[in-house]
Amino acid sequence: QAQLEESGGDSVQAGGSLKLSCAASESTYSRYCMGWFRQAPGKEREGIAAIYRGDKSTHYADSVKGRFTISQDNAKKTMYLQMNSLTPEDTAMYYCASSRSPSYDCQFGQWFYHDWGQGTQVTVSL
């Protein structure tokens with residue numbers, strides 16, 4: 001049974017928006033950091049957004065800053081990624097991840113995260 005499950009991926013035109021969801025279990029809804037990663041064909045997986053549950057502080061990669069917004073709903077144990085002004089360069093498989101490290105300094109390295117979802121595909125066309 002998946003402990004983290006992404007949904008919301010779709011095919012959209014450039015300029016469009018999508019909202020991804022990541023449903024977590026009791027054990028994987030981190031008290032600390034959770035993040036979104038993406039991996040385009042032929043490229044390495046990259047961290048793009050992270051959130052610290054304690055004070056809801058957020059971190060963004062430069063490539064998505066100002067366009068994407070990460071958020072959480074603690075009651076639903078769900079993390080979200082609102083993606084606006086999408087471009088073909090945003091085409092990738094998107095993954096959510098959860099960290100067990102008791103740190104507020106959320107990192108974008110894969111090493112920082114312990115639980116992963118299976119991914120949801122986002123395709124942006126011109």
Side-chain angles (χ1 to χ4, degrees):
Q1 184 177 354
Q3 300 296 301
L4 288 172
E5 187 168 359
E6 304 92 340
S7 62
D10 205 345
S11 296
V12 297
Q13 289 192 320
S17 298
L18 280 175
K19 187 173 185 177
L20 305 183
S21 298
C22 172
S25 66
E26 184 68 39
S27 63
T28 57
Y29 192 65
S30 176
R31 294 185 229 173
Y32 312 108
C33 295
M34 294 186 71
W36 285 99
F37 286 73
R38 68 184 182 185
Q39 187 167 19
K43 294 189 177 181
E44 293 187 357
R45 190 174 297 190
E46 62 168 340
I48 56 171
I51 186 166
Y52 175 63
R53 182 176 165 184
D55 61 2
K56 296 191 182 297
S57 57
T58 57
H59 310 262
Y60 296 97
D62 288 344
S63 59
V64 306
K65 198 173 294 182
R67 300 187 299 124
F68 291 10
T69 303
I70 188 172
S71 62
Q72 288 178 307
D73 183 329
N74 293 335
K76 295 182 178 179
K77 294 184 179 59
T78 300
M79 180 175 66
Y80 303 98
L81 186 68
Q82 176 67 46
M83 306 188 295
N84 298 329
S85 302
L86 287 161
T87 74
E89 288 69 38
D90 295 315
T91 295
M93 186 71 80
Y94 283 70
Y95 300 89
C96 66
S98 178
S99 176
R100 301 175 202 164
S101 298
S103 172
Y104 64 87
D105 187 17
C106 301
Q107 302 292 315
F108 282 144
Q110 294 184 59
W111 57 269
F112 190 73
Y113 296 88
H114 304 88
D115 298 291
W116 293 83
Q118 295 299 308
T120 187
Q121 178 67 38
V122 172
T123 303
V124 185
S125 59
L126 289 172

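Since we're looking at a predicted model, the values are computed, not measured.
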* Asked: What heavy-atom pair brings Y95 and Q118 nearest, and what distance separates the two atoms?
  -> CE2-O, 3.4 Å
* What heavy-atom pair brings T87 and V124 nearest, and what distance separates the two atoms? -> O-CB, 3.2 Å
* Asked: Does any non-hydrogen side-chain atom of Y104 lie less than 4.5 Å from one of Y32?
  -> no
* Asked: Taking N74 as the fixed residue, which of K76, K77, Q72 is the one that meets the side chain to side chain contact (heavy atoms under 4.5 Å, CB included) rule?
  -> Q72
* Asked: Which atoms form the tightest heavy-atom contact between Q39 and R45, and what is the distance?
  -> OE1-NE, 3.5 Å
* Same hydrophobic cluster for F112 and W116, using side-chain heavy-atom links shorter than 4.5 Å among ILVMFWY? -> yes
* To do: Starting at CD of Q121, measure out to CD of E6 and round the result to the nearest 0.5 Å.
  => 11.5 Å
* In one Ile/Leu/Val/Met/Phe/Trp/Tyr side-chain cluster, 4.5 Å: Y29, W36 -> yes
* Do M83 and Y80 belong to the same hydrophobic cluster, where Ile, Leu, Val, Met, Phe, Trp and Tyr are linked whenever their side-chain heavy atoms lie under 4.5 Å apart, directly or via other members? -> no
* Can you tell me how far CD of E89 sits from OG of S63, rounded to the nearest 0.5 angstrom? -> 10.5 Å
* Who are the ring pair (Phe, Tyr, Trp, His ring centres under 6.0 Å) partners of Y113, not counting sequence neighbours? -> F37
* Can you check side chain to side chain contact (heavy atoms under 4.5 Å, CB included) on S101 and H114, steps first, answer last? -> CA-CA 9 Å; S101 298; H114 304 88; 3.5 Å; yes
* Heavy-atom pair of closest approach, residues S30 and R53 -> O-CD, 3.1 Å
* To do: Would you mind reporting whether C106 and I51 have side-chain heavy atoms less than 4.5 Å apart?
  => no
* To do: Indicate whether any N or O donor in one side chain lies under 3.5 Å from an N or O acceptor in the other, for S27 and Q3.
  => yes
* Carefully, step by step, assess L81 and I48 under the rule side chain to side chain contact (heavy atoms under 4.5 Å, CB included). => CA-CA 10 Å; L81 186 68; I48 56 171; 3.9 Å; yes
* Just do the side chain to side chain contact (heavy atoms under 4.5 Å, CB included) check on M34 and S99 with the steps written out, would you? => CA-CA 6 Å; M34 294 186 71; S99 176; over 6 Å; no
* To do: Taking all heavy atoms of S85 and all of R67, pick out the closest pair and write down the distance.
  => O-NH1, 2.9 Å
* Nearest atoms (heavy-atom pairs only) where L4 meets D115 -> CD1-O, 3.3 Å
* Asked: Atom CD in Q110, atom CD in E46: separation rounded to 0.5 Å?
  -> 10.5 Å
* Under a single-linkage definition using a 4.5 Å side-chain heavy-atom cutoff for Ile, Leu, Val, Met, Phe, Trp and Tyr, are V64 and V122 assigned to the same hydrophobic cluster? -> yes
Only distances under 3.5 Å count here; give the side-chain donor-acceptor pairs of residues 10-21 to other protein atoms, sequence neighbours excluded, each with its distance to 0.1 Å.
unit_1, atom_1, unit_2, atom_2, d
S17, OG, N84, OD1, 2.9

* Once the angle between the rings of Y94 and F68 is folded into 0 to 90°, is it parallel (under 30°), tilted (30 to 60°) or perpendicular (over 60°)? -> tilted
* Could you tell me whether the side chains of D105 and S103 share a donor-acceptor contact shorter than 3.5 Å? => no
